[in-house]
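Report on the structure given below.
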Amino acid sequence: MTTIIDGTKTAQTVRGEVAKAVAQFTQETSVRPGLAVVLVGEDPASHSYVSMKERDCDEVGIVSFDHRLSETTTQDELNALIDMLNADDKVHGILVQMPLPNHLDEEQIIARIAPEKDVDGFHPYNMGCLLRGEPAPRACTPWGVMRLLDEYDIEVAGTHAVVIGRSNIVGKPQALMLLERNATVTICHSRTPDLPAVCREADILVAAVGRPAMVDASYVKEGAVVIDVGINRTEAGTLVGDVDFAAVEARASAITPVPGGVGPMTRAMLMSNTYEACATAQGSA
Ligand code: GUN
């Protein structure tokens, strides 16, 4: 029987844990964790993600500070906002929703956020900490994948994990997190020869490429754990992952669906990272 890994349920569990930790922390310190969410422009998908993050904050007792800026915001204006949020004691986490409009420099913005408030884990300092195996905020999507593996008692140490995709947001940090947990890790990408053959070596296969249903049964070893990070919107408006679920399900020992797999975990781990950033700031104050 294939286990269907339920991200919606696990995200609810994580939010419950964060809500409990926040309530206790706030009772002891009178400090409420604060998350600033910055959204530039009118992208409808980004607007909907940001609204959901604000709803999550309400649920777990985190104060959200909403900054919705016009499409024509300049780099200087955005820089000034980041500087202000960096200096604001009530703000423990800063999230700038990506992608930014083309005229803005994402890398410059990411690097400007104070590393201790970078709850996305995208800052070069925090990525460096991950590389070195030191504590720091971890990127929410791959961190959510690790939590799913733990929740379902899936052993990571000693396995061969194959990650398809090498983005800074998912593929690279995912590979490092699996390595940190003692997997033997292969990172594949568009220039990998015979990708299906490499993927068939995987005990844990993580697909983070952004190509609808690319991973079919020829990529999957019998009994592998298949994690689908892809969220691709079809022309009809439905969501499909990078994995052809119907074709792969029977071969896998466990698999994440889309929607309802990795997706909900990203926002839940953001709540967890924000609480941790606040507790760390308070501890060092
Ligand atoms: N856009 C898509 N995913 C993310 C994310 O995890 N963080 C931010 N800041 N923007 C995103």
Side-chain angles (χ1 to χ4, degrees), residues 7 11 14-15 18 34-57 62 64-69 71 73 78-79 81-82 85-86 91-102 104-127 130 136-148 165-174 176-177 206-210 227-233 239 241-242 256 258-259 261-274 276-277:
V14 171
R15 284 197 300 277
V18 175
L35 173 66
V37 179
V38 180
L39 172 58
V40 186
E42 302 306 331
D43 180 57
S46 291
H47 270 266
S48 117
Y49 295 144
V50 163
S51 300
M52 290 192 288
K53 284 165 188 167
E54 286 163 356
R55 206 182 59 202
D56 291 341
C57 282
I62 290 174
S64 70
F65 301 96
D66 186 7
H67 294 271
R68 296 183 191 225
L69 309 180
E71 186 86 28
T73 301
L78 190 52
N79 285 347
L81 174 61
I82 299 297
L85 296 172
N86 281 341
V91 172
H92 306 96
I94 301 171
L95 179 135
V96 180
Q97 184 66 32
M98 305 293 173
L100 288 170
N102 284 338
L104 297 171
D105 181 343
E106 287 183 359
E107 297 311 316
Q108 195 186 120
I109 294 298
I110 289 169
R112 202 170 182 105
I113 296 171
E116 65 276 15
K117 296 192 179 188
D118 165 41
V119 283
D120 262 325
F122 293 166
H123 191 285
Y125 177 84
N126 291 328
M127 299 273 292
L130 172 61
R138 300 287 197 240
C140 298
T141 299
W143 199 222
V145 169
M146 300 312 292
R147 176 64 197 252
L148 283 177
R166 53 176 157 178
S167 70
N168 285 329
I169 294 182
V170 183
K172 280 188 233 171
Q174 186 74 77
L176 290 164
M177 288 176 201
V206 181
V209 259
I227 304 290
D228 188 353
V229 182
I231 301 181
N232 310 290
R233 206 168 280 276
L239 291 183
D242 292 345
T256 61
V258 175
V262 175
M265 292 301 292
T266 301
R267 279 160 42 211
M269 300 322 280
L270 175 70
M271 297 300 109
S272 171
N273 280 355
T274 304
E276 295 289 340

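Numbering of ligands and ligand atoms starts at 1, following listing order. Nothing fancy with the numbering, it's 1 onward along the sequence. Just so we're clear, the structure is a prediction, and the values are computed from it rather than from any experiment.
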Assess whether a salt bridge exists between Lys117 and Glu276, defined as any Lys/Arg side-chain N lying under 4.0 Å from an Asp/Glu carboxylate O.
no

Does ligand 1 have any N/O pairs with the protein under 3.5 Å, and how far apart?
| from | atom 1 | to | atom 2 | distance (Å) |
| --- | --- | --- | --- | --- |
| ligand 1 | 1 (N) | Gln97 | NE2 | 3.3 |
| ligand 1 | 1 (N) | Met98 | O | 2.9 |
| ligand 1 | 7 (N) | Asp120 | OD1 | 3.0 |
| ligand 1 | 7 (N) | Asp120 | OD2 | 3.4 |
| ligand 1 | 9 (N) | Val96 | O | 2.8 |
| ligand 1 | 9 (N) | Asp120 | OD2 | 2.6 |
| ligand 1 | 10 (N) | Met98 | N | 3.0 |

Going by heavy atoms in the side chains, are Tyr49 and Gln97 under 4.5 Å from each other?
yes

Do Leu78 and Leu104 come within less than 4.5 Å of each other through their side chains, counting heavy atoms only?
yes

Of Ile82, Leu85, Leu39, Val96, which meets side-chain contact (heavy atoms from CB on, under 4.5 Å) against His67?
Leu85

How would you list, by chain and number, every residue that makes a side-chain hydrogen bond (donor to acceptor under 3.5 Å, both in side chains) with Ser167, sequence neighbours excluded?
none

Take Leu35 and Leu270, measure what side-chain contact (heavy atoms from CB on, under 4.5 Å) needs, and give me the verdict at the end.
CA-CA 9 Å; Leu35 173 66; Leu270 175 70; 4.0 Å; yes

